[in-house]
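Quick notes on the structure that follows.
This is a predicted model, so every value here is computed, not measured. If you read the sequence from its start, that first residue is 1, and numbering goes on from there. Note that ligands are numbered from 1 as they come in the structure, with each ligand's atoms numbered from 1 the same way.
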Amino acid sequence: MYKILANTLFIGKKLVFVPECHSTNSVALELSQKQDLPEGTILITNHQSRGRGQQGNAWISEAGKNLTFSIVLKPTFLAIKDQFLLNMVVSLGVRDFVQSKLSAPVGVKWPNDVLVEERKIGGILIENQIQGAGFTNSIIGIGLNINQSGFHLNSAVSLMMASDLNYELQATLEELCGHLEKWYLTLKQNGSDRVREYYLKSLFGLKESRTFRSNDREFVGVIEGVDDHGRLMIKENEKIHYFNNKEVKFNLEPLI
Ligand code: BTN
């Protein structure tokens with residue numbers, strides 16, 4: 001059970017809790033098509049039976065242990081071509097929250113995985129509803145591992161595993177949404193420069209030599225940044241390549 005958030009201006013002022021559902025993103029989308037939800041509405045559950053991740057993957061999370069929720073935003077101030085900025089602000093909000101709990105470095109792996117050192121603690125699935133030239137709703141789905149004590153994949157971690165502490169889920173939701181709202185309002189009120197700057201600062205692997213794989217070709221390159229379309233820029237032998245989501249995978253081991 002979750003309560004309306006007390007520490008924010010608009011995120012979580014309307015909160016819909018469902019004990020169980022297939023996917024909070026799907027339920028939030030259905031609800032937003034039936035009624036005009038206020039910006040910041042949260043749809044949250046204790047258990048997703050078919051949680052969805054990026055690229056058609058499943059998002060599996062132990063019931064009652066973690067945060068699995070969606071926020072309905074209305075970024076009508078944003079041009080569709082700039083939609084990657086939403087990925088940036090949400091990634092930064094989740095990153096800052098996790099970093100506030102840990103001393104180990106927390107980074108954003110392009111496009112929007114949140115990593116503690118090299119292990120994934122949170123994932124983000126943004127689904128935009130577009131009408132004509134603008135956004136109507138943007139469903140921001142967030143899965144953040146909080147109190148789960150182990151995962152099938154060694155590459156996953158929770159806050160509890162990283163800190164040896166247990167967390168109260170309502171309090172973590174409140175704090176996390178405080179960080180999300182701060183970054184969203186930074187974008188809305190001050191524009192994108194600060195957002196781009198901090199996203200780059202938080203980018204996992206920036207300026208490090210690593211191996212990448214694209215179209216069955218393995219190559220060594222250096223991440224130089226992210227362009228205005230949200231494409232990852234990787235330099236290989238003095239030439240910059242631009243990759244859209246799904247077009248490149250990177251090896252987590254740095255080549256030193
Ligand atoms: C990823 O890293 O692949 C993204 C994972 C996103 C998972 C969250 S959990 C809440 C929301 N509902 C879903 O079905 N997915 C997102």
Side-chain angles (χ1 to χ4, degrees), residues 2 5 11-12 15-33 37 40-73 83-84 86-95 97-98 106-116 118-129 137-148 151-159 167 169-170 172-173 176-177 179-180 199 202-205 230 232 244-250 252:
Y2 290 88
L5 307 192
I11 293 185
L15 184 145
V16 181
F17 169 70
V18 286
E20 188 172 340
C21 68
H22 43 293
S23 151
T24 58
N25 263 36
S26 307
V27 177
L29 186 70
E30 284 160 24
L31 205 61
S32 71
Q33 285 165 343
L37 296 171
T41 298
I42 289 182
L43 193 303
I44 187 161
T45 190
N46 277 339
H47 180 51
Q48 292 186 127
S49 52
R50 263 179 295 130
R52 296 189 285 112
Q54 289 173 42
Q55 302 176 27
N57 291 327
W59 182 260
I60 297 164
S61 172
E62 217 176 294
K65 298 275 180 176
N66 304 309
L67 288 177
T68 45
F69 68 106
S70 303
I71 308 174
V72 180
L73 293 179
Q83 58 185 279
F84 193 74
L86 262 189
N87 283 270
M88 289 182 167
V89 290
V90 177
S91 305
L92 287 175
V94 177
R95 191 218 81 95
F97 165 70
V98 176
V106 183
V108 178
K109 178 166 158 276
W110 178 88
N112 52 16
D113 286 345
V114 178
L115 304 188
V116 175
E118 307 244 319
R119 299 210 277 172
K120 179 160 167 173
I121 194 164
I124 295 161
L125 179 67
I126 299 185
E127 296 179 304
N128 293 318
Q129 289 173 281
N137 290 313
S138 182
I139 311 290
I140 313 290
I142 297 174
L144 187 59
N145 302 329
I146 307 289
N147 290 323
Q148 193 163 328
F151 295 88
H152 292 302
L153 291 173
N154 199 29
S155 54
V157 71
S158 68
L159 260 190
Y167 295 83
L169 291 177
Q170 172 76 30
T172 56
L173 178 70
L176 168 59
C177 288
H179 286 282
L180 291 167
Y199 182 85
S202 312
L203 197 60
F204 180 79
L232 187 66
N244 285 304
N245 199 1
K246 303 180 201 172
E247 289 177 352
V248 67
K249 278 199 173 307
F250 63 109
L252 288 175

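Atom OH of Y167 sits about 8.5 Å away from atom CD1 of I146, to the nearest 0.5 Å. Taking CZ of F151 as the start and CD of E62 as the end, the distance is 8.0 Å to the nearest 0.5 Å.
Residue N57 does not touch ligand 1, judged by heavy-atom distances below 4.0 Å.
Minimum heavy-atom separation, L144 to G122: CD1-CA, 3.9 Å. Nearest heavy atoms, N46 versus Y2: OD1-CE1, 3.8 Å. Here the closest non-hydrogen pair linking R119 and A156 is NH1-O, 3.6 Å.
Side-chain atoms of V108 and M88, non-hydrogen and from C-beta on, never get closer than 4.5 Å to each other. When side chains are defined from C-beta on, V16 does not count as touching V27, because their heavy atoms never get closer than 4.5 Å. When side chains are defined from C-beta on, H179 does not count as touching L92, because their heavy atoms never get closer than 4.5 Å.
The shell of residues lying under 4.0 angstrom from ligand 1, judged by heavy atoms, includes I142. Within the structure, the closest approach of H22 to ligand 1 does not fall below 4.0 Å when heavy atoms are considered.
Looking at ligand 1, you'll find an N or O of R52 within less than 3.5 Å of one of its N or O atoms. Annotation: S23 places an N or O atom under 3.5 Å from an N or O atom of ligand 1; distance criterion only. For ligand 1, the polar-atom distance check against K120 finds a nitrogen or oxygen pair separated by under 3.5 Å. Backbone and side-chain nitrogen or oxygen atoms of R50 are examined, and none is located within less than 3.5 angstrom of a nitrogen or oxygen of ligand 1.
The nearest heavy-atom contact from the protein to atom 5 (C) of ligand 1 is W59 CE3, 3.4 Å. The shortest contact between atom 11 (C) of ligand 1 and any protein heavy atom is with T24 OG1, 3.3 Å. The single protein non-hydrogen atom nearest to atom 3 (O) of ligand 1 is Q54 N, 2.7 Å, given as residue, atom name and distance. Ranking the protein heavy atoms by distance from atom 12 (N) of ligand 1 puts Q48 OE1, 2.9 Å first.
Near G53, meaning under 4.0 Å from any of its heavy atoms, are these atoms of ligand 1: 1 (C), 3 (O), 4 (C), 5 (C). For ligand 1, the atoms sitting less than 4.0 Å from at least one non-hydrogen atom of G51 are 14 (O), numbered in the order shown with element in parentheses. Within the listing of ligand 1, atoms 2 (O) sit less than 4.0 angstrom from a heavy atom of D113.
Between W59 and the choices Q48, R50, R52, Q54, the side-chain contact (heavy atoms from CB on, under 4.5 Å) rule is met once, by Q48.
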